[in-house]
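Naming convention: chains lettered A, B, ... in sequence-line order (proteins, then strands); numbering from 1 in each chain. Bear in mind that the values here come from a model prediction, so they are computed numbers and not experimental data.
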2 protein chains.
Amino acid sequence: MSIIFSRQCEYALQATSYLALKPAGKMTTIKELTKKLNIPYHFLGKILQNLTYKGLLNSQKGPTGGFSLGMPAQEITLYHIVDAIDGNDFMTKCVMGFPECTGKNPCAVHEKWGGLRDGIYSMLVNKNIAQIAKEMKKPEFRLLVD
Amino acid sequence: MSIIFSRQCEYALQATSYLALKPAGKMTTIKELTKKLNIPYHFLGKILQNLTYKGLLNSQKGPTGGFSLGMPAQEITLYHIVDAIDGNDFMTKCVMGFPECTGKNPCAVHEKWGGLRDGIYSMLVNKNIAQIAKEMKKPEFRLLVD
DNA sequence: CTAATTTAAGACAAGTAAGTCTGAATAAAC
DNA sequence: GTTTATTCAGACTTACTTGTCTTAAATTAG
């Protein structure tokens, strides 16, 4: 049972963050990503393909090929990734699953959840992967880059 | 793709809330719940069985049988239900899925997510299903109880 | 005791997410 | 042009979640 985001989405967040550690335009192979992040090879391939299709990444085939960020790391927020993979259902649906729950017909935790949900949203929107990468370089969080 | 809680868990929250609308000890059949809440009959049966096994509900077989709350509605919080069905993974796991992310080795959103997660936790713990039922009776949220 | 009604239990089916495998397309290097 | 390394694409498998069906067990009412 995954927590709030799908496994795919978690992998996507991790992989893009890792790419943000590299100089802009530098190509990184699936092999390297898969090894450093412990993500199944072909599964990650599909995820990156998807992100490439959505414009968040660039890809190049052949030797020296791989993936790089499709725009400056400062411009890619966590929300971009989450939205591309999982969509924004969590922003609109009732947390208790009541189909009849809306703003005009709110369930008992509608307001409370609304605040928390907005908090999650702003966390995702206000955090870009350049910041993430910077934090990842700190000795507190060791995810070795070669 | 369900939002934060599993479908089962959403059903459990809805069903227990509905039971809290009834006088304490009053038995309600799966048939009634399934009809009012639009939840698949046998699937709901299994969920209620599980909640009964965990002590949150009472059950009785035979005519006049059904389910009722296993303790006073004021004492059953949303967290009791969520924990019984989905467990508490969302309280402990990294939101980005980093296995190496811990308090000592925090990912870039560890702190921020920690605050939000605690907000969700306190929403769940501070809301009991008597309160939920009370809100559900308001005309704003119409879920007819004959 | 019998009939009717309900939960209990388990096998099964369908749907979705996760992961694997193989071969094609592309591009670099020699 | 051949070789090699890589992404691209699709079929396939596996695992998990959700939903269905059938029968057994329990309990009430007559």
Integer-rounded Å distance: [N] [atom2] and [X] [atom1]:
X       : N      : atom1 : atom2 : value
B:Gln49 : D:dG19 : CD    : P     : 17 Å
A:Ile39 : C:dT20 : CD1   : P     : 12 Å
A:Tyr53 : D:dA9  : OH    : C1'   : 14 Å
B:Ile85 : D:dT18 : CD1   : C1'   : 14 Å
B:Ile30 : C:dA8  : CD1   : C1'   : 9 Å
A:Asn50 : D:dC8  : CG    : P     : 11 Å
A:Lys26 : D:dT6  : NZ    : P     : 11 Å
B:Ile4  : D:dT17 : CD1   : C1'   : 18 Å

Base versus backbone protein contacts along nucleotides 20-30 of chain D [heavy-atom cut-off under 4.0 Å; B, S, -]: BBB---BBB--

Please tell me if [X] has a side-chain N or O lying less than 4.0 Å from either OP1 or OP2 of [N].
X       : N      : answer
B:Arg7  : D:dG19 : yes
B:Gln8  : D:dT18 : yes
A:Tyr11 : C:dA18 : no
A:Ser59 : D:dC8  : yes

Lys/Arg N to Asp/Glu carboxylate O, A:Glu10 vs B:Lys93, below 4.0 Å: no

Beyond-backbone contact of B:Thr28 with B:Leu33, side-chain heavy atoms, under 4.5 angstrom: yes

Sugar-phosphate only, base, or nothing, as touched by B:Leu48 at under 4.0 Å among non-hydrogen atoms: nothing

Touch class at under 4.0 angstrom, heavy-atom based, for A:Gly45 against every strand present: nothing

Which residues pass the side-chain hydrogen bond (donor to acceptor under 3.5 Å, both in side chains) test with [X], not counting sequence neighbours?
X        : answer
B:His110 : none
A:Asn128 : A:Gln131
B:Gln8   : none

Test side-chain contact (heavy atoms from CB on, under 4.5 Å) applied to A:Lys31 - qualifying residues, sequence neighbours left out: A:Thr29, A:Tyr41

With A:Lys54 via side-chain contact (heavy atoms from CB on, under 4.5 Å) - residues at least two apart: A:Asn50, A:Ala84

Can you give each donor-acceptor pair under 3.5 Å made by side-chain atoms of residues 61-72 of chain A, sequence neighbours left out, with the distance rounded to 0.1 Å?
none

Residues forming a ring-ring contact (aromatic ring centres under 6.0 Å, His included) with B:Tyr53, sequence neighbours excluded: none

Five-pair end axes of the helix from C:dC1-D:dG30 to C:dC30-D:dG1 and the angle they enclose, rounded to 10°: 0°

